[in-house]
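Each remark here refers to the structure printed beneath this line.
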2 protein chains.
Amino acid sequence: MLSAGLPQGTVPKLERPGPLRERVYEALLELITTRALRPGQHLVESELAGHLGVSRQPVREALQRLNTEGWVDLRPAQGAFVHEPTEEEADQLLTVRTLLEAEAARLAAANAGSAGIAALEELCTKGESAVADGDVDLVVATNAAFHTKVMELAGNVVLAELAGQVDRRVRWYYTPVARQRGMQSWIEHRRLIAAIAARDEARATEVMRAHTEHTRKTYHEREAG
Amino acid sequence: MLSAGLPQGTVPKLERPGPLRERVYEALLELITTRALRPGQHLVESELAGHLGVSRQPVREALQRLNTEGWVDLRPAQGAFVHEPTEEEADQLLTVRTLLEAEAARLAAANAGSAGIAALEELCTKGESAVADGDVDLVVATNAAFHTKVMELAGNVVLAELAGQVDRRVRWYYTPVARQRGMQSWIEHRRLIAAIAARDEARATEVMRAHTEHTRKTYHEREAG
DNA sequence: GAATTGGCTTTTGTCTACAGTTTACCGAGC
DNA sequence: GCTCGGTAAACTGTAGACAAAAGCCAATTC
């Protein structure tokens, strides 16, 4: 057997360019989330293709995927439009997110090992110092990483995939809000870690639920403001 | 105004063929769920195209969508393969389904009107008589309709969309099981309706949770059998 | 003056063709 | 007899071209 003689990691998978549609997909998603492409905007295939230096086909395939994931609306014989979030939809999305994240917290409490908990604490520390430095982008990124890590510790791939989709869309809707919730968020994260470390499923669920619900509350206050 | 002079219904929407990719998508999904295309099977684009009488492009787009929804795995430069469910994944999928359905039940209890409850009872009656007649296909279909109706009453579109995906995959994995759970399932449905009618969110959640968990249990017993 | 109809432009939907990769098979060499 | 190298076939990835549908604007008619 050949593989026995190969040390792990010496073959770094020699990264290939990968399918164009993937890169187009990521490029478009980036443009949408950064609001370079604004909600309601008509996405013309030939324009995008020319702008990205590829043909229409990869663009089409990327748009298809963005459509199934809810980022663009694909009106037949008319083209693709960046999805416009409604208040109602945003609220429903948050409801679902709360549900998924809370379950993830419960599973994490049930399954997480000490290594995982250590990783969470590390992320938490990183996030807190980012808050202290006022590095907003890093705060947001670390926050996402923290939630992703909790998902990973939950050990449910299906759940993780769904939550990944939902989370990303939530972050898109709520970017203004996310930037406000600085330090308080990380205090709650600490409490979540404690619950997970204590293997207390019920408490982990509840802390996470309160955490995400807090986000929604902040959002609705924004309207009033 | 012209439309005033036109009786309703005389123009029956003049159903358009609709985009080819849609029909190809549905055709393939049908073939997969009915096991005409079996897990692990290599789907060759040109073959499918020829078989369906279209070109490769619509087939590709359909495969893309099936990929993002988890029905096929799209290995780069190698093609599409019908997804092979693992035991672990099936279990995780059921966990998620339980979660989503339970939440739907809670929301339905909170929001449903008397009309909705009547609709549920009607479906329930239909399902019970189907069981009595031994019409297995109708039982399965009515069961799906019942869950869909609960989702609809919950009034959360995002949740409904996610649950729709998950449910369909669960049904694919568990078709043998679903055919066994005949009458018992509908008894539980009755209890769910009662909880919803009573506006008892907690009880509705719990009944639905028990209901879907029961499905999982039946599945694992199948292994032992 | 307003509504409608006709043609024109733009954009999508589909098909065909070509290039790049991977896989499998077959033969030669050790 | 087994392994390695080369060759060929098949399939995917991408590009370009054509046809159909939708939207828009102007001309025309009541």
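The CG-C1' distance, from A:L48 to C:dT12, rounds to 13 Å in whole Å. Here the C1' atom of nucleotide C:dT16 and the CD atom of B:Q57 are 11 Å apart, to the nearest Å. C:dT11 atom P lies 15 Å from atom CZ of A:R75, rounded to whole Å. Per the geometry, CG belonging to A:N67 stands 14 Å off C1' belonging to C:dT12, to the nearest Å. When the P atom of D:dT12 is taken as reference, atom CG of A:L20 falls 17 Å away, rounded to whole Å.
A donor-acceptor pair shorter than 3.5 Å can be found between the side chains of A:Y25 and A:E69. Side-chain contact of A:H211 with A:E101: a donor-acceptor pair under 3.5 Å is absent, judged by distance alone.
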Point to revise | Candidate pair A:R216 and A:E213, rule salt bridge (charged side-chain N to carboxylate O under 4.0 Å, His left out), full reasoning | key: CA-CA 5 Å; A:R216 165 200 257 144; A:E213 281 296 317; 2.8 Å; yes

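A:E22 has a carboxylate O that lies under 4.0 Å from a charged side-chain N of A:R65, or vice versa, which qualifies the two as a salt bridge. A salt bridge links B:E152 with B:K149: the closest approach of a Lys/Arg side-chain nitrogen to an acidic carboxylate oxygen falls below 4.0 angstrom.
Considering only the side chain of A:A77, D:dA21 comes nearest among D:dA15, D:dA21, C:dT16. Between D:dA15, C:dT12, D:dT14, one nucleotide has an atom nearer to the side chain of A:E45 than all others, and that is C:dT12.
Note on A:R56: every side-chain N or O is 4.0 Å or more away from OP1 and OP2 of D:dA15. Using a 4.0 Å cut-off, some side-chain N or O of A:R21 falls inside it from OP1 or OP2 of D:dG13. For the pair A:H42 and D:dG23, the criterion of a side-chain N or O lying under 4.0 Å from OP1 or OP2 is not met.
Within 4.0 Å of B:Q78, counting heavy atoms only, lie sugar-phosphate atoms of the nucleic acid but no base atom. Here A:L63 lies out of heavy-atom contact (under 4.0 Å) with every strand. Heavy atoms of A:L74 sit nowhere under 4.0 angstrom from any nucleic acid atom.
In terms of position along DNA chain D, the nucleotide closest to B:A80 lies nearer the 5' end than the nucleotide closest to the other residue of the pair B:A80 and A:S55.
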